[in-house]
Novice: 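My questions all concern the structure below.
The basis for the numbers below is simple: all heavy atoms, side chains too, and nothing from hydrogens, waters or symmetry mates. Throughout, a chain's letter reflects where its sequence line sits, starting with A, and its residues are numbered from 1.
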2 protein chains.
Amino acid sequence: MSTATFFRYALAVADRPYHHGNLRPALLAQAEHTLREQGLDGLALRELARQVGVSHAAPRRHFADRQALLDALAESGWARLEAEVRAAVESAGEDYEARLRASGQAYVRFATRDAALLELMFASRQGRQVATLQEATAGAFSVLVELVQDGQASGVVEPGDPQRMALLLFATVQGIAALANAGIIAPKRLDPLVAEAIGRFLHGQPTLA
Amino acid sequence: MSTATFFRYALAVADRPYHHGNLRPALLAQAEHTLREQGLDGLALRELARQVGVSHAAPRRHFADRQALLDALAESGWARLEAEVRAAVESAGEDYEARLRASGQAYVRFATRDAALLELMFASRQGRQVATLQEATAGAFSVLVELVQDGQASGVVEPGDPQRMALLLFATVQGIAALANAGIIAPKRLDPLVAEAIGRFLHGQPTLA
DNA sequence: ACCTGAACACCGTTCAAGT
DNA sequence: ACCTGAACACCGTTCAAGT
């Protein structure tokens, strides 16, 4: 296409909202909202296109298929989770156990507020490797690894592979979140349970040991 | 319907497979198989009906809608999980830690073999209470509660609410399973991680404390 | 470059009708 | 009692065509 032709089109569509680069973010934003309100089953590409004011075939330019949209949602979910957990840790003060507890509680808060998104983040990719998604997951995981390393530096966590210990913490809070979302744990028991899990991780059984 | 009329129909359909009570189990069996092979997205009522040799509207007699079938799958999944964990604990010998470890490893084995089914078992029911499903979940949970009580009776687990401690164990193994199914934990690291989690639950940090 | 409109094959759900 | 067949409204995906 010539430059002149390009500008002719650009002017012609200047008042129409989703040309030239904002359809993709608009679809993602709408999808995140629908996911929170209606769950994964309520998320339809055609309906998204309608809500965003575009033909049902338009999303195809930005997402190869529905799964690609879901992958993108999962990826930004991991990024937001990382940010929220990091923020919680940073505003938790000096005490190591308090910082660890804050990370777990931030995780659980995210997980229960965006249960369908969390489901998506953990949905089995069935062998498909999605590099950017794996990086986003690794980024969130690294928050815990760094926390464990901090604890080792100050001597409150035993020496040893920090990845393995962070994995254990990760699994514990994710499990608590899963049980909460399945209705097995009542919401008000969540924070105490996280606190107990962290306490046990650091000190073992309270009265025995 | 008169008895005579009933027998006339019964004879007429004697060679047809899914009259009079085996359509429901046949659908469930086929669904469980498809779930394992194709995942949740590959599970379509119409396709199930086809595979089982029945019209697409026939399942309606046995399951009000697709969700009802999924609920039934989840329920039998919880029952099978309970049975498998119980069996593993019973064949694990006398040592308490070995029994606890066996329960966790059986859980993780089930979860990784039937990842899509596990997803279904933990799928948020979004407020809908399904009584029989909740009972099945409680049954599986009770295995862990009893294990904790055994440990308290023999003094290797601290006194205190056994439900709360069982919940912590439950969350930990479920979290490990979720991380495995998301591809965050490699399969061969699963058993050691479960062992470490159980060890920490009982003894705290190995070298500190 | 980006989007539209028509087309295709599938799906879940409903309902009158059949045996 | 249990199942069928037609109908409806929706969906994901594809592709030629438009601007």
Novice: Can you see if the side chain of A:H62 gets near the phosphate of C:dC3 - specifically, an N or O under 4.0 Å from OP1 or OP2?
Specialist: yes
Novice: Is B:A44 touching bases, backbone alone, or none of the nucleic acid, heavy atoms closer than 4.0 Å?
Specialist: sugar-phosphate
Novice: Just compare C:dC11, D:dT13, C:dT13 and give me whichever is closest to any side-chain atom of B:L45.
Specialist: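 Output: C:dT13.
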Novice: Please report the distance, rounded to the nearest Å, between CG in A:L48 and C1' in D:dC10.
Specialist: 14 Å
Novice: Return the 5'-most residue of the pair A:A57, A:R50 with respect to DNA chain D, ranking by each residue's nearest nucleotide.
Specialist: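 The residue whose closest nucleotide sits nearer the 5' end is A:R50.
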Novice: Applying side chain to side chain contact (heavy atoms under 4.5 Å, CB included) between B:L193 and each of B:V108, B:I176, B:T172, report the one that passes.
Specialist: B:I176
Novice: For A:E158, does its backbone N or O pair with a side-chain atom of A:Q152 as donor and acceptor, under 3.5 Å?
Specialist: yes
Novice: Using whole Å, what does the distance between atom C1' of nucleotide D:dA1 and atom CG of B:L23 come to?
Specialist: 13 Å
Novice: Send over the distance from B:D41 CG to C:dC10 P, rounded to a whole Å.
Specialist: 17 Å
Novice: Can you tell me the Watson-Crick or wobble partner of D:dA1, both distances under 3.5 angstrom?
Specialist: C:dT19
Novice: Taking pairing as Watson-Crick or G-U wobble with both contacts under 3.5 Å, can you name the mate of C:dA6, or confirm there isn't one?
Specialist: D:dT14
Novice: Please pick, from D:dC3, C:dC11, C:dT13, the nucleotide with the shortest atom-to-atom distance to any side-chain atom of B:D65.
Specialist: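 So the side chain of B:D65 is nearest to C:dT13.
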Novice: Considering non-hydrogen atoms only, spot the tightest contact between B:L118 and B:Y107 and give its length.
Specialist: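 Minimum heavy-atom contact is CD1-OH, 4.1 Å.
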Novice: So, A:E32 side chain and A:L73 main chain: donor-acceptor pair closer than 3.5 Å or not?
Specialist: no
Novice: In whole Å, what is the span from the NE2 atom of A:H56 to the C1' atom of C:dT4?
Specialist: 8 Å
Novice: Please confirm whether A:R80 makes a cation-pi placement over A:F110, using NZ or CZ under 6.0 Å from the six-membered ring centre and within 45° of the ring normal.
Specialist: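 The answer is no, since A:R80 fails at least one limit relative to A:F110.
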Novice: Starting at CG of B:N22 and ending at P of D:dC2, how long is that distance when rounded to a whole Å?
Specialist: 11 Å
Novice: Taking for each residue the nucleotide of DNA chain C with the nearest heavy atom, is it A:R46 or A:R61 whose nucleotide lies nearer the 5' end?
Specialist: A:R61
Novice: Can you tell me how far C1' of C:dC15 sits from CZ of B:R60, to the nearest Å?
Specialist: 10 Å
Novice: Whole-Å distance between C:dT13 C1' and B:F63 CZ?
Specialist: 16 Å
Novice: Select one nucleotide: of D:dC3, C:dT4, D:dT13, the one nearest the side-chain heavy atoms of A:R66.
Specialist: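 It is D:dT13.
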Novice: Distance check needed: D:dC11 P versus A:Q51 CD, whole Å only.
Specialist: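 To the nearest whole Å, that distance equals 10 Å.
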